[in-house]
Amino acid sequence: MPSLHRLHRAALCAALSGIAAVSTASAEEIIIGAATAQTGGLAPYDQPALAGLRMSIDELNAKGGLGGKYTVKLLIKDTRSDTAQTATVAQELIDAGAKVMITPCDADPSISAGQLTQPLGIPTLTLCGSAPVLTGAVGDVMFGTYPADNVQATAVADFAVSEGKKKVFLLTSPDSTYTANLPEYFGKVFEKKGGAVVGRGTFTMGQPDFSAEITNIKGLADKPDLIMTAAYEPDFPAFIQQLRGAGVTIPVYGADAIGTPTIKALGKLVDGVVYTAAGYAEPGSKLEAFNAAFTKYAGHAPESTYEVNGYEIGLILDQAVKTAGSDDPKAIRDAIANLKDFEGITGKITYAGTDRMPLRPVALMRYDGGEGKHVETLIPAAADVPAP
């Protein structure tokens, strides 16, 4: 069930969307279209990211807008976590004059929106979609913002190897690029560094019963040291509850999509689970200061690092407009593509020399006592990262 503040945010966003939809841009305004999931399965990820983006836009507008010159009109429309609906609302935002497009935290709907923005040269940034195939599937206007799946997987695999893990079971779902590919990226790095994949299993997203996969794991002759999966809500809670209920104590590793309040609320059930995040708020860090500022802005603490990632998207756009010296979409796109060592809140962000998935730090976290505890922050060696 969505939390009360989440419902409040959704209602507020819907209201803002309605207001903005009847507005037109002035000469010094720049319209940013946000085709994001305010309802449905992606909402737990899109809502926090959008909240961070809105905070940065509010702050930038108070200083004169992007580049200190272009006041941002943020038009928000609900994709309802549906790929076809994402294309529909993206077209509506284009028709309303969007010069920059923000898309959901998943590859498939982001690709559907990108197929509309690519022919028009509109720079398009996914809120926290991390599939490295995303940018290539669309074209040169599409940018990731979160650490890519293959980068996250490499960081987790490096950590598993450093812990002495030798054998892994990969649990995937073909229903999304994230759930299908991220564990396989892990497997490639793990094998390259001496580990072995001793078993594989699949699931259908949204399935309530994982007994077949758990029976498969329990029946393996060669017992794994860990289970790697990119399952998220509601699948990850169902899987971990049934896995532990069956008496299987094998450590489970995952990625960013399980750093959520729902997973955290599982308490000791998820103790030992390793996952990734875009950053960690060390004492005295920029991220700690951001978390305090966001709490004051929103009336509640950030739920995850999706908020700061959304906030950093605003900073990236601000820097791009400064560099471009205009609100021309092509100039903004080129400026983003050439961004190098940009000082964000979570660390340096670089697009120059990449395929538009950013180079940026990955924080490794581990649930302990029902809390996510920081393990380490690293940037994997580029040579270790599997190709998309």
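- T179 places a side-chain N or O within donor-acceptor distance of the main-chain N or O of S173, the cut-off being under 3.5 Å.
- Defined by atom type and a distance below 3.5 Å, a donor-acceptor pair is present between the side-chain atoms of D140 and Q118.
- Annotation for R244: atom CZ counts as buried by contact number, over 12 foreign heavy atoms lying within 6.0 Å.
- Side-chain contact check for I94 versus M101: some heavy-atom pair is nearer than 4.5 Å.
- Annotation: the span from L74 atom CG to I31 atom CD1 amounts to 10.5 Å, rounded to 0.5 Å.
- No more than 12 heavy atoms of other residues, nucleotides or ligands lie within 6.0 Å of NZ in K188, so this atom counts as exposed by the packing criterion.
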### Message
Please evaluate residues D327 and K69 with respect to the criterion salt bridge (Lys or Arg N to Asp or Glu O under 4.0 Å), reporting the C-alpha separation (whole Å), side-chain torsions for both, the decisive distance (0.1 Å), and the verdict.
### Response
CA-CA 9 Å; D327 62 347; K69 184 177 180 181; over 6 Å; no
List the atom pairs, donor and acceptor, that lie under 3.5 Å between side-chain atoms in residues 208-217 and the rest of the protein, sequence neighbours left out.
from: D209; atom 1: OD1; to: S211; atom 2: N; distance (Å): 2.8
from: D209; atom 1: OD1; to: S211; atom 2: OG; distance (Å): 2.8
from: D209; atom 1: OD2; to: S211; atom 2: OG; distance (Å): 3.2
from: E213; atom 1: OE1; to: Q207; atom 2: NE2; distance (Å): 3.4
from: T215; atom 1: OG1; to: S211; atom 2: O; distance (Å): 2.8
from: N216; atom 1: ND2; to: R200; atom 2: O; distance (Å): 3.3

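- Ring orientation note: the planes of F294 and F290 are tilted relative to one another, at an angle of 30° to 60°.
- Shortest non-hydrogen contact noted between L127 and C105 is CB-SG, 3.6 Å.
- The distance from the CD1 atom of I336 to the CG atom of L317 is 5.5 Å, given to the nearest 0.5 Å.
- Side-chain atoms of N309 and T145 include a donor-acceptor pair closer than 3.5 Å.
- For the atom pair CD1 (I102) and CG (L75), the distance works out to 11.5 Å, reported to the nearest 0.5 Å.
- Looking only at side-chain heavy atoms (C-beta outward), T126 and F143 stay at 4.5 Å or farther from each other.
- In summary, the side chains of D149 and S130 do present a donor paired with an acceptor at a separation below 3.5 Å, with no hydrogens or angles considered.
- In this structure, the side chain to side chain donor-acceptor pair (under 3.5 Å) partners of E371, at least two apart in sequence or on a different chain, are K264.
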### Message
Between Y280 and E376, does the side chain to side chain donor-acceptor pair (under 3.5 Å) criterion hold? Intermediate values first, please.
### Response
CA-CA 9 Å; Y280 169 71; E376 62 178 322; over 6 Å; no
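- Panel note: side chain Q47, backbone Q38; a donor-acceptor pair is recorded below 3.5 Å.
- A side-chain N or O of D58 and one of Y297 form a donor-acceptor pair less than 3.5 Å apart.
- A donor-acceptor pair under 3.5 Å is formed between the side chain of T88 and the backbone N or O of A84.
- With sequence neighbours excluded, the residues that form a salt bridge (charged side-chain N to carboxylate O under 4.0 Å, His left out) with D318 are K322.
- Contact of the K373 side chain with the M365 side chain is not registered, since no non-hydrogen atoms from C-beta on lie closer than 4.5 Å.
- Legend: residues meeting side-chain contact (heavy atoms from CB on, under 4.5 Å) with P388, ordered by chain and number and at least two apart, are P132, V133, N150, Y185, D355.
- Under the 3.5 Å distance criterion, the side-chain polar atoms of D225 are left unmatched by any main-chain donor or acceptor of K165.
- Qualifying side-chain contact (heavy atoms from CB on, under 4.5 Å) partners for K223, counting only residues two or more places apart in sequence or in other chains: none.
- Listed by chain and number, the residues in a side-chain contact (heavy atoms from CB on, under 4.5 Å) with S285 are A281, E282, L287, E288 (sequence neighbours excluded).
- Interatomic distance, NZ of K192 versus CZ of F190, reported as 15.0 Å (0.5 Å rounding).
- With hydrogens and angles ignored, the 3.5 Å screen pairs no side-chain donor or acceptor of D175 with any backbone N or O of T204.
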### Task
Check the pair D271, R366 against salt bridge (Lys or Arg N to Asp or Glu O under 4.0 Å), reporting the backbone distance first and the verdict last.
CA-CA 8 Å; D271 273 1; R366 173 177 266 154; over 6 Å; no
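- Interatomic distance, I313 CD1 to I32 CD1, rounded to the nearest 0.5 Å: 10.0 Å.
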Output side-chain donor-acceptor pairs under 3.5 Å for residues 251-258, partner residues at least two apart or in another chain, one line each.
from: Y253; atom 1: OH; to: E163; atom 2: OE1; distance (Å): 2.2
from: D256; atom 1: OD1; to: Q152; atom 2: NE2; distance (Å): 3.0
from: D256; atom 1: OD1; to: Y178; atom 2: OH; distance (Å): 3.0
from: D256; atom 1: OD2; to: Y306; atom 2: OH; distance (Å): 2.8

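- Put simply, the side chain of D46 reaches to within 4.5 Å of the side chain of P104, judged on heavy atoms.
- Defined by atom type and a distance below 3.5 Å, a donor-acceptor pair is missing between the side-chain atoms of Q115 and S112.
- For the residue pair G121 and P329, the shortest heavy atom distance occurs at O-CB, 3.5 Å.
- At a cut-off of 3.5 Å, with distance as the only test, no side-chain donor of T86 or T83 sits close to an acceptor on the other residue.
- Qualifying side-chain contact (heavy atoms from CB on, under 4.5 Å) partners for A382, counting only residues two or more places apart in sequence or in other chains: none.
- Residues meeting the ring pair (Phe, Tyr, Trp, His ring centres under 6.0 Å) test with F169, sequence neighbours left out: none.
- Pairing each heavy atom of G310 with each of S56, the nearest pair is O-OG, 4.2 Å.
- L134 belongs to a hydrophobic cluster whose other members, connected by ILVMFWY side-chain contacts under 4.5 Å either directly or through intermediates, are I111, V138, V141, M142.
- Shortest non-hydrogen contact noted between P183 and A230 is CG-N, 3.6 Å.
- Through side-chain heavy atoms spaced under 4.5 Å, either directly or across other Ile, Leu, Val, Met, Phe, Trp or Tyr residues, V189 is tied to no other residue.
- Minimum heavy-atom separation, G279 to T346: CA-CG2, 4.2 Å.
- A donor-acceptor pair shorter than 3.5 Å can be found between the side chains of T124 and T117.
- Of all heavy-atom pairs spanning V362 and A155, the tightest one is CG1-CB, 4.0 Å.
- Inter-residue side-chain proximity for I316 and Y351 is flagged as met; some heavy-atom pair is nearer than 4.5 Å.
- Note: R356 CZ to T135 OG1 = 4.5 Å, rounded to the nearest 0.5 Å.
- Counting heavy atoms from C-beta outward, V156 and M228 have side chains that approach closer than 4.5 Å.
- Taking Ile, Leu, Val, Met, Phe, Trp and Tyr as hydrophobic and joining them when side-chain heavy atoms fall under 4.5 Å apart, one finds L359 isolated, its cluster having no other members.
- When only modelled atom types and interatomic distance are considered, Y70 and S326 share no side-chain donor-acceptor pair under 3.5 Å.
- T260 and E303 share no donor-acceptor pair across their side chains, judged by distance under 3.5 Å alone.
- Within a 6.0 Å sphere centred on NZ of K330, other residues, nucleotides and ligands contribute 12 heavy atoms or fewer.
- Contact of the T36 side chain with the D78 side chain is not registered, since no non-hydrogen atoms from C-beta on lie closer than 4.5 Å.
- Between the side chains of Q319 and T323, at least one donor-acceptor pair of N or O atoms lies under 3.5 Å.
- Looking at I30 and T71, their side chains never come closer than 4.5 Å, going by heavy atoms from C-beta outward.
- Aromatic pair Y232/F236: centroids not less than 6.0 angstrom apart.
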